[in-house]
2 protein chains.
Amino acid sequence: MQYLFTTQSDFQTVFKRLLTARAMDTSAVKEPVTEILENIKKNGNIALCDYTKRFDRLSLTPQTLRVTDKEIEAACKQIPAELMDALDVAAKRIKAFHKKQLPPNLHYEDDSGFELGYRWLPMDSAGLYVPGGTAAYPSSVLMNAIPAKVAGVQRLAMCVPTPDGQLNPLVLAAAHKAGITEIYRIGGAQAIAALAFGTETIAPVDYIVGPGNAYVAEAKRQVYGLVGIDSVAGPSEVVVVADKDNDPTHIALDLLAQSEHDKMAQSIFITNNKKFADQVIKAVNKQLEILTRKEIAQVSWDHHGAVIVVDSWKEAANLINQIAPEHLELMVKESNTLFEDVRHAGAIFIGKWCPEAIGDYVGGPNHVLPTSGAARFSSGLSIFDFMKRTTFLKSNKKGIQNVGPAAVAIANTEGLTAHALSISQRLKSLSK
Amino acid sequence: MQYLFTTQSDFQTVFKRLLTARAMDTSAVKEPVTEILENIKKNGNIALCDYTKRFDRLSLTPQTLRVTDKEIEAACKQIPAELMDALDVAAKRIKAFHKKQLPPNLHYEDDSGFELGYRWLPMDSAGLYVPGGTAAYPSSVLMNAIPAKVAGVQRLAMCVPTPDGQLNPLVLAAAHKAGITEIYRIGGAQAIAALAFGTETIAPVDYIVGPGNAYVAEAKRQVYGLVGIDSVAGPSEVVVVADKDNDPTHIALDLLAQSEHDKMAQSIFITNNKKFADQVIKAVNKQLEILTRKEIAQVSWDHHGAVIVVDSWKEAANLINQIAPEHLELMVKESNTLFEDVRHAGAIFIGKWCPEAIGDYVGGPNHVLPTSGAARFSSGLSIFDFMKRTTFLKSNKKGIQNVGPAAVAIANTEGLTAHALSISQRLKSLSK
């Protein structure tokens, strides 16, 4: 962990290094991923089953690629009722928030003779990738699937690797809650390829969402254009800003909630009080001891954690905007002012009763958020990911007569004769 | 050109082939692009000037990378007043349409104890790539720059290659109209790298838009994630649907307006009347002769053009949805019904007085549109490209007490102890 003061002379240098140290590099897997994609594209199911045998030690046939309804049903039955209820609370709140996002169409007439606007429509199909192993989170299934459903996507196909054939019942239960019925037990770059290109049994999708390892991320990047993708997610982070009027243990746990995700995760604590900073650091070290994923959290905190003591919240806002954090917690008296000064953040959690973990599960806003500074230019997952606009333009005779000549002038200067003629011939026939 | 009838027995096979024949393959330039990106990232200006010398035969120094205000001024003076007025008409209409897109923020309280919503903000900076040579279109400068300006992007940096030092005055004049002052005379993958990574004189940007050749497209794909990009554009297309109550010459010119762009462009004509189809084909052959870019249009029409005779407009809608065309013209009596049935298209032009070329220049909606079927999952350029949402969540004590236990249950089942504790410790301190 780095303990920094904005007043120290080398602050900017150290701070900049903190921001750039964690970029995910997928260049090492570029070539193997290209090979996997080409193989699936060419050989479909055979290649898909081959890779699954090789990487997941699981023998599949085209007939057993898909998880059966019975398996989904059986999984749901295994889950304690209390947990099913908890997933229900989460699903309902996520659904309510995403319903509010449904964007209005645009349709108006202008005084030049045009009717114009745009119409939002959902895409037809989307693929949802769910990682296997320790990072298989039922909450992610809800967060990825519900926006698609709310947007009106008709077909949702989910892929989840099942190493050694092990199905994660929680993931299946969450899929069931989200209304997903089409689930394949495949993973890695081969699953992304199957979703993008299709195979004999898996119809291709229009859009692919969901997190994954470097292979999955690189595969998504390579199929981007043929299909849409949500983002290429990198290691994630939290910035917690708190004044001394907080419980150091709460702050410590909020920082560790990020650190326990991943050794590459980053937790940054910003405060204006050195004494309080010391108390939080002490609390972090104490709480670390009781974590199930202590080892991961420890590496993350040691290598990428930071505590920064600032002179003012204005200064804090400036640092936050440079970090453009995925998650931001504001627990200071002046939270409202500070909130106004933050331009770049994926999601902001305000007040001492709103730890980021609430947002991970049951807040309502999406937990799939731009990581590693991508909040500078992108947003969390939403129904906008699953919808697209078609613009339209309708002209009456007056319309083309009003603005047609300007278009002809530009078309001619661009050397595009047919463009110009398609307008000028119409103008001519109107002037007859 | 292929002349097809939906009633012919091999229609589906031939139609499918028509849709897949044009995909842009950038795999051949993957490696050289990676090398260029790495070189610029490591060596900045030196590498940038080297590549410009090699590819554009132009000797630059860090001091002469940027186009001066005087050069921009001089360019504007060269342009005839009539053309400047035409650019004005275009700019004003584009601005008016994009202003209507400004999305509302969301902010509400729910009855569980939460205040939540999201806030839209523009990104800080964007880079605009403008191709050099024959495809340097002033209209593209307006279409790319104005949405960024309307969104509120503070800094807009433009790159345009100037082979042999030739500046295109029209491009500079359009940039001036759009309010761009930061222009660099660089192009290709090296320009994309400079925008993404920055050099000693060019500050990095958050987002890159604009069309380009295979090198530019592949470079955008490779920097995606570090910065945002608009899309990886492929060859473009138009579908024109018209009944016999139209002038065959107008239809022919609309088809050729697409064909003259690029040898890979695709123009598809759909009608329900064989006689009218014959007339349009004849008109295409006649109009081809008078085009400045005849050779390009001829190749496009011969290799990728198609005329399809359908039995009904329902059938037409079905074909359109499979094509998901960039541009769609509807010139049939039943345009309104047909419009409702189209789910996938970048932009739709309705009525016989609204050729697509109007939309290219002065319609108002953007002419940067999803190509090659990408309208299935993506939209034309808009101010949404230049804005991002930050969600927020604020909980009072009641909020965490209401839904905290559900979050703790899920966190525990996911094995994330710190997540669970960050909530349960707060619940404990509240119950004291």
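All chains are named by letter (A, B, ...) in the order of the sequence lines, taking the proteins before the strands, and each is independently numbered beginning at 1. What you are looking at is a predicted structure, and each value in this text was computed from that prediction instead of being measured.
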What's the shortest heavy-atom distance between [X] and [Y], and which atoms?
X: B:Arg376; Y: A:Leu226; value: NH2-O, 2.8 Å
X: B:Thr292; Y: A:Gly415; value: CB-O, 4.3 Å
X: B:Ala357; Y: A:Ala407; value: O-CB, 4.5 Å

Between [options], which has the largest tally of heavy atom pairs under 4.5 Å with chain A?
options: B:Gln401, B:Met387, B:Gln258, B:Glu340; value: B:Glu340
options: B:Leu430, B:Asn396, B:Ile290, B:Leu121; value: B:Leu430
options: B:Gly117, B:Gly373, B:Pro405, B:Ala420; value: B:Gly117
options: B:Asp85, B:Asp247, B:Thr249, B:Asp110; value: B:Asp110
options: B:His344, B:Gln101, B:Lys30, B:Gln287; value: B:His344
options: B:Leu256, B:Val408, B:Leu116; value: B:Leu116

Assess the side chains of [X] and [Y]: does a donor N or O sit below 3.5 Å from an acceptor N or O?
X: A:Arg389; Y: B:Ser382; answer: yes
X: A:Tyr361; Y: B:Glu414; answer: yes
X: A:Glu356; Y: B:Ser422; answer: no
X: B:His367; Y: B:Ser140; answer: yes

- Message: Could you check whether any side-chain N or O of B:Lys220 sits under 3.5 Å from a backbone N or O of B:Ser231, counting only pairs where one atom can act as donor and the other as acceptor?
- Response: yes
Would you mind telling me which of [options] has the largest number of heavy-atom pairs within less than 4.5 Å of chain B?
options: A:Ala374, A:Ser139, A:Ser112; result: A:Ser139
options: A:Gly363, A:Gly359, A:Gly346; result: A:Gly346
options: A:Ser259, A:Ala409, A:Gly399, A:Pro138; result: A:Pro138
options: A:Pro365, A:Ser379, A:Ala86; result: A:Ser379
options: A:Ala347, A:Pro355, A:Pro80, A:Gly364; result: A:Pro355
options: A:Asp206, A:Ile350, A:Leu393; result: A:Leu393

Which bit of [X] comes within less than 4.5 Å of chain B, counting heavy atoms only: side chain, backbone, both or neither?
X: A:Leu328; answer: neither
X: A:Ile410; answer: both
X: A:Ala297; answer: neither
X: A:Val89; answer: side chain

- Do B:Phe384 and B:Trp120 come close enough that some side-chain heavy atom pair is under 4.5 Å? yes
Which atoms of [X] are under 4.5 Å from chain A, going by heavy atoms: the side chain, the backbone, both sets, or neither?
X: B:Ser125; answer: neither
X: B:Leu83; answer: side chain
X: B:Leu288; answer: neither
X: B:Ile358; answer: both
X: B:Glu38; answer: neither
X: B:Val153; answer: neither
X: B:Lys294; answer: neither
X: B:Glu115; answer: neither
X: B:Asp360; answer: side chain
X: B:Pro103; answer: neither
X: B:Ser335; answer: neither
X: B:Ser378; answer: backbone
X: B:Phe114; answer: side chain
X: B:Ala90; answer: side chain

- Message: In this structure, is the centre-to-centre distance between the rings of B:Tyr207 and B:Phe386 below 6.0 Å?
- Response: yes
- Message: In this structure, is the centre-to-centre distance between the rings of B:His107 and B:Tyr118 below 6.0 Å?
- Response: no
- Tell me, please, whether A:Tyr108 has B:Lys100 positioned over its six-membered ring: NZ or CZ under 6.0 Å from the ring centre and within 45 degrees of its axis? yes
- Is it true that the NZ or CZ of A:Arg119 lies under 6.0 Å from the centre of B:Phe339's six-membered ring and within 45 degrees of the ring axis? yes
- Task: Output yes when B:Arg426 and A:Asp254 qualify as a salt bridge under the 4.0 Å nitrogen-oxygen rule, no when they do not.
- Result: yes
- Query: Looking at B:Asp124 and A:Arg343, does any basic side-chain N land under 4.0 Å from a carboxylate oxygen?
  - Reply: yes
- Sequence neighbours excluded, which residues qualify as side chain to side chain donor-acceptor pair (under 3.5 Å) partners of B:Gln425? none
- Message: Between A:Tyr224 and B:Tyr224, is the ring pair (Phe, Tyr, Trp, His ring centres under 6.0 Å) condition met? List the steps.
- Response: CA-CA 10 Å; A:Tyr224 170 62; B:Tyr224 170 61; 5.0 Å; yes
